[in-house]
Peer 1: 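Before anything else, here's the structure in question.
Please read these numbers as outputs of a predicted model, since none were measured by experiment. Heavy atoms only: backbone and side chains are in, while hydrogens, waters and symmetry mates are out. In the text below, chain A, chain B and the rest are named by the order of the sequence lines, each starting its count at 1.
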There are 2 protein chains.
Amino acid sequence: MGLLHPGREEIELPRVLHALSDPQRLSIVRTLAEDSCERRCGSFGLEVTKSTLTHHFRVLREAGVIDQREEGTARLNSLRREDLDARFPGLLAAVLASCALGEPLAASAG
Amino acid sequence: MGLLHPGREEIELPRVLHALSDPQRLSIVRTLAEDSCERRCGSFGLEVTKSTLTHHFRVLREAGVIDQREEGTARLNSLRREDLDARFPGLLAAVLASCALGEPLAASAG
DNA sequence: CCATAAATACGGCAAACGTCGTACAATGTG
DNA sequence: CACATTGTACGACGTTTGCCGTATTTATGG
């Protein structure tokens, strides 16, 4: 299975904004941004089903916000920070700074 | 009719991101940002129906992105730049800079 | 081989979205 | 007054969204 990721130049602003416009996905991105290491899909402390989680991760990946790579049975997620910064300078930082002022992050067990 | 605008502190990030995630609305915001004066709803050169236009302006207004005030039969739109900057510093600038690199603005007759 | 763990795929469902058409209200202008 | 201008209200439509449950895939461990 391909794990389709858009190339850097294919990342589109409306799609990124839409991907970030959901609280669950925003929480995922915040968690990924906090400690810049790869995380399994199940380690984000979100209170939704695994199927729903899969859906959100796909939206983020297809928008170009996150990178997913397979390792064993797990799927490791990381933020595409460089690509996003290159394409939309300052956007990610502004979003992260903005939601840092809002509700706290979900209890995400490491 | 009330013309409901959220107060500055009521503006929510996911809602703003969602409002900006539509190409038509993004075009509206870009146009408003280019020359910081008030514009009528019909003056944005968008190729959608008036009803659709009304819908998009309402989404932007209720998200706290634009201000609308009535004057005669017209409705004058302006960007809530200060409120957005106060609440989400750098966000608007990043979005505007990002889409400036993309497709050009619709032909918006003054 | 069997069981467990991590995540997907598929299908379904209610709600929201973007769009439109028609009808309507409010304000000018002849 | 009649008429054009500007925009809303309402209802409709097809699509997408976010969510779930169940079945399935793909490794890892006994």
Peer 1: Measure the distance from CD on B/Glu47 to C1' on C/dG18 and round it to the nearest whole Å.
Peer 2: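 Answer to the nearest Å: 16 Å.
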Peer 1: In whole angstrom, what separates B/Arg39's CZ from D/dT6's P?
Peer 2: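 Rounding to the nearest Å, CZ of B/Arg39 and P of D/dT6 are 14 Å apart.
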Peer 1: In this structure, how many angstroms lie between the P atom of D/dA9 and the CG atom of B/Leu4, rounded?
Peer 2: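 Roughly 11 Å, once rounded to whole Å.
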Peer 1: Could you state the atom-to-atom distance from CG of A/Leu17 to C1' of C/dC17 in whole Å?
Peer 2: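 Rounded to whole Å, this separation is 16 Å.
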Peer 1: Map A/Leu76 and B/Gln24 onto DNA chain C by nearest heavy atom, then report which one ends up closer to the 5' terminus.
Peer 2: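 Going by which nucleotide is closer to the 5' end, it is A/Leu76.
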Peer 1: Can you name the closest pair of heavy atoms from A/Asn77 and A/Phe44 and give their distance?
Peer 2: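 What the structure gives for the nearest pair is ND2-CE1, 4.3 Å.
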Peer 1: Can you name the nearest heavy-atom pair linking B/Arg80 to B/Gly7, along with the distance?
Peer 2: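 Heavy-atom minimum between the residues: NH2-C, 4.0 Å.
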Peer 1: Which heavy atom of B/Ala63 sits nearest to which heavy atom of B/Ile11, and what is that distance?
Peer 2: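 Taking every non-hydrogen atom into account, O-CG2, 3.4 Å.
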Peer 1: Scan nucleotides 25-30 of chain D nucleotide by nucleotide, 5' to 3', and note B when protein non-hydrogen atoms come under 4.0 Å of the base, S if they reach only the sugar-phosphate, - if neither.
Peer 2: -BB---
Peer 1: Determine the minimum heavy-atom distance between A/Leu96 and A/Ala33, stating which atoms define it.
Peer 2: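 Distance-wise, the nearest heavy atoms are CD1-CB, 3.5 Å.
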Peer 1: With the threshold set at under 4.0 Å for non-hydrogen atoms, list the residues of residues 50-67 of chain A touching DNA chain D in residue-number order.
Peer 2: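 When residues 50-67 of chain A is checked for heavy atoms under 4.0 Å from DNA chain D, the hits, listed by number, are A/Ser51, A/Thr52, A/His55, A/His56.
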Peer 1: Mind calculating the distance between CD (B/Glu38) and C1' (D/dT6) to the nearest angstrom?
Peer 2: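 From B/Glu38 CD to D/dT6 C1': 16 Å.
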Peer 1: Could you see if A/Leu13 belongs to whatever hydrophobic cluster contains A/Leu84? Use Ile, Leu, Val, Met, Phe, Trp, Tyr and a side-chain cutoff under 4.5 Å.
Peer 2: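 Same cluster.
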Peer 1: Between B/Cys41 and B/Leu53, which heavy-atom pair has the shortest distance, and what is it?
Peer 2: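 Nearest heavy atoms, B/Cys41 then B/Leu53: O-CD2, 3.5 Å.
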Peer 1: Salt bridge or not for A/Arg69 and A/Glu71, using N-O below 4.0 Å?
Peer 2: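 Looking at A/Arg69 and A/Glu71, the cut-off is met.
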Peer 1: Identify which nucleotide among C/dG18, D/dG21, C/dT8 has an atom closest to any side-chain atom of B/His18, counting heavy atoms from C-beta outward.
Peer 2: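 For the B/His18 side chain, the nearest candidate turns out to be C/dG18.
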Peer 1: Considering only D/dC20, C/dG18, C/dA7, which nucleotide approaches the side chain of B/Asp22 most closely?
Peer 2: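 Between D/dC20, C/dG18, C/dA7, the one nearest the side chain of B/Asp22 would be C/dG18.
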Peer 1: Of all heavy-atom pairs between B/Leu32 and B/Arg81, which one has the smallest distance, and what is that distance?
Peer 2: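 In this case the closest contact between B/Leu32 and B/Arg81 is O-NH2, 4.4 Å.
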Peer 1: Send over the distance from B/Arg75 CZ to D/dT5 C1', rounded to a whole Å.
Peer 2: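 Going from CZ in B/Arg75 over to C1' in D/dT5 covers 15 Å.
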Peer 1: Look at B/Asp83 together with B/Arg8 and state whether they make a salt bridge at an N to O cut-off of under 4.0 Å.
Peer 2: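 Judged by the 4.0 Å cut-off on N to carboxylate O distance, B/Asp83 and B/Arg8 do form a salt bridge.
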Peer 1: Does B/Arg25 put a side-chain nitrogen or oxygen below 4.0 Å from OP1 or OP2 of C/dG18?
Peer 2: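 Yes.
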